[in-house]
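We count residues from 1, following the sequence as given. We count ligands from 1, going down the list as the structure has it; atoms in each ligand are counted the same way.
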Amino acid sequence: MKFYPTIGLETHAELMTESKLFCGCPNEFGGSENNHCCIGCSGFPGALPELNKKALELIIRAGFALDCEISRFTKWERKNYFYPDLPAAYQTSQMERPVCVGGGLEININGENKFKRLNRIHLEEDAGKLTHEGNKSYADYNRTGVPLIEIVTEPDFHSSEEVVAYVEKLRRILQFADICDGKMEQGSLRCDVNISLAPENSDKLGTRTEIKNLNSIKAIGRAVEAEITRQTEILESGGKIVQQTLKYNDLTGEITPMREKADAFDYRYMIDPDIKPVVLTEEELDEFRSRLPELPQARFERYKSYGISENDVKTLLSEKVISDFFDNAVKTYDSPKSIANFIVVELLGRVNRGEADMEKLPFSASDFAELQKYVDEGKVNRDIRKDILRDMLETGKTAVQICDEKNLWIKEDTGAVEAVIDKILAANPKAVEQYRNGEVKVFGFLMGQASKELKGSAAPATVKNILEGKLKNA
Ligand code: ADP
Ligand code: MG
Ligand code: ZN
């Protein structure tokens, strides 16, 4: 019998707010342990929670970006469970009235568009972090109470490719809308995948398992593959799938049980008497909508309209820092095509080789744009663009400083250029003859000889003009 996989995803995204969801503690990654905590987020009884308005705006922003319906009335419940990462022994979450309902997004698989539906997005608190060393465990509550949204899909996915395409697109939307930084390696975006298999023509879904806390897109793809294989083998040998929560080890590819799956009633959801439900007005929603940043799709169209190739557009949009850098560079020097080329070919080349970090560049987008402007204006030779960029990265100096110090400005001494070209033509009578007989390809050879002799001291356009003139008129 053939089995057909079905997958649903729960994605947790930490919101980019300054403070936590119900207290004023900073929402910051890292820092020394248990340093971003107060009696509120440490679970002391009696501390009064106050909802962070910015977090509410950001989940609604996610709702706009993902075409959800926004609940005009929304409320929170306590989700009770005992675990050392949760000092209050309950997590403030949403059950009955999540902020966002429905919605979805379209992914593209081999040229085919597929719409994947969302079930809901709700706003809850993150839990703390546990680390284990030998037989000791340590709890760090810096993350406890950080605002988290959970984006739940319908069981609409049927392959790891679809899942990966969805997470990539979702991550980019959250990042570009300034909702979540999308740093999966720091845990600010994490996915749980629910997987089941059913006989190919069955109209019922099979028993599902859930793999928790996958924190890279590659790991998500591999975990889905591994679990489909594991379940297929069990079913084909006549076994049954047990509904449970699993752990995936991306180094070994191994899947192991974590715990038996809790049903909703185990959490004893109850109203939180300290947190008022929120009633949203149309004015507030309009205000939030007016602050929605430009989304990746809109940037994609805009970049294409500049005449940048689709591949380069995709590269520029692969991370928000790159796209923002590009936009800022174009503000200084309005030549999107040449800026895009400079970023993709030179800057990202260095980033990929580990020689530069987009998040910590020692120069501004504006300094970067100036260098390209000098190249395009013929003030600096294109061939040394990459060397100047390297110096900028290494020294933090501007292009102007470097060109001044190293004497790299093109000297437009046309008399000197003419003298060099005369010399080259005299030394290569055969090539000159060939050119005049219509073999125009020797032009490149003569150009090369001239450039070699001039060592970047003249703009290529100038050399070309003079050389052409002399060949035609001599
Ligand atoms: P819980 O909160 O207990 O994990 P939900 O009903 O909220 O359960 O579902 C969680 C996710 O599991 C959703 O993304 C949903 O689409 C998916 N899901 C539910 N049933 C199945 C199934 N049989 N196979 C695959 N995915 C499923
Ligand atoms: Mg779940
Ligand atoms: Zn606090």
K.L.:
Could you tell me whether Lys116 sits above the aromatic face of Tyr166, with NZ or CZ closer than 6.0 angstrom to the six-membered ring centre and within 45 degrees of the axis?
P.N.:
no

K.L.:
Does the ring centre of Phe288 sit less than 6.0 Å away from the ring centre of Phe64?
P.N.:
no

K.L.:
Which atoms from ligand 1 have a heavy atom of Gly206 less than 4.0 Å away?
P.N.:
23 (N)

K.L.:
Mind checking whether the Zn ion (ligand 3) has an N, O or S of Cys23 under 2.8 Å?
P.N.:
yes

K.L.:
So is Pro155 polar-close to ligand 1, meaning N/O to N/O under 3.5 Å?
P.N.:
yes

K.L.:
Out of all atoms in ligand 1, which are within 4.0 Å of some heavy atom of Thr153? Include the element for each.
P.N.:
13 (C), 14 (O), 15 (C), 16 (O)

K.L.:
Is Leu205 touching ligand 1 with its side chain, its backbone, both, or neither, if touching means heavy atoms under 4.0 Å apart?
P.N.:
side chain

K.L.:
Decide whether an N or O pair under 3.5 Å exists between Ile7 and ligand 1.
P.N.:
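Checking ligand 1 against Ile7, no N or O pair falls under 3.5 Å apart.
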
K.L.:
Please check if the side chain of Ser323 supplies one atom and the backbone of Lys320 the other of a donor-acceptor pair under 3.5 Å.
P.N.:
no

K.L.:
Give the contacting part of Val152 toward ligand 1: side chain, backbone, both or neither, where contact means a heavy-atom distance below 4.0 Å.
P.N.:
side chain

K.L.:
Can you classify the ring geometry of Tyr269 versus Tyr267 as parallel (below 30°), tilted (30 to 60°) or perpendicular (above 60°)?
P.N.:
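Tyr269 vs Tyr267 ring planes: perpendicular.
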
K.L.:
Of the side chain and backbone of Leu9, name the one, both, or neither that has a heavy atom under 4.0 Å from an atom of ligand 1.
P.N.:
backbone

K.L.:
Flag yes if more than 12 heavy atoms outside Lys247 fall under 6.0 Å of its NZ atom; otherwise flag no.
P.N.:
no

K.L.:
Nearest to atom 5 (P) of ligand 1 by heavy atom, His158, Arg208, Gln243: which?
P.N.:
Arg208

K.L.:
Any chance CD of Glu355 has more than 12 other-residue heavy atoms, nucleotides or ligands included, within less than 6.0 Å?
P.N.:
yes

K.L.:
Are Tyr81 and Tyr90 an aromatic pair by the rule of ring centers under 6.0 Å?
P.N.:
no

K.L.:
Would Lys183 and Phe29 count as a cation-pi pair here, with the cationic atom under 6.0 angstrom from the ring centre and within 45° of the axis?
P.N.:
no

K.L.:
Heavy-atom contacts under 4.0 Å between Glu154 and ligand 1: side chain, backbone, both, or neither?
P.N.:
backbone

K.L.:
Please state the angle at the Zn ion (ligand 3) spanned by SG of Cys38 and SG of Cys25: what is it, rounded to 10 degrees?
P.N.:
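Vertex at the Zn ion (ligand 3): approximately 100°.
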
K.L.:
Out of all atoms in ligand 1, which are within 4.0 Å of some heavy atom of Gly8? Include the element for each.
P.N.:
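Every atom of ligand 1 under 4.0 Å from some heavy atom of Gly8: 14 (O), 16 (O), 17 (C), 26 (N).
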
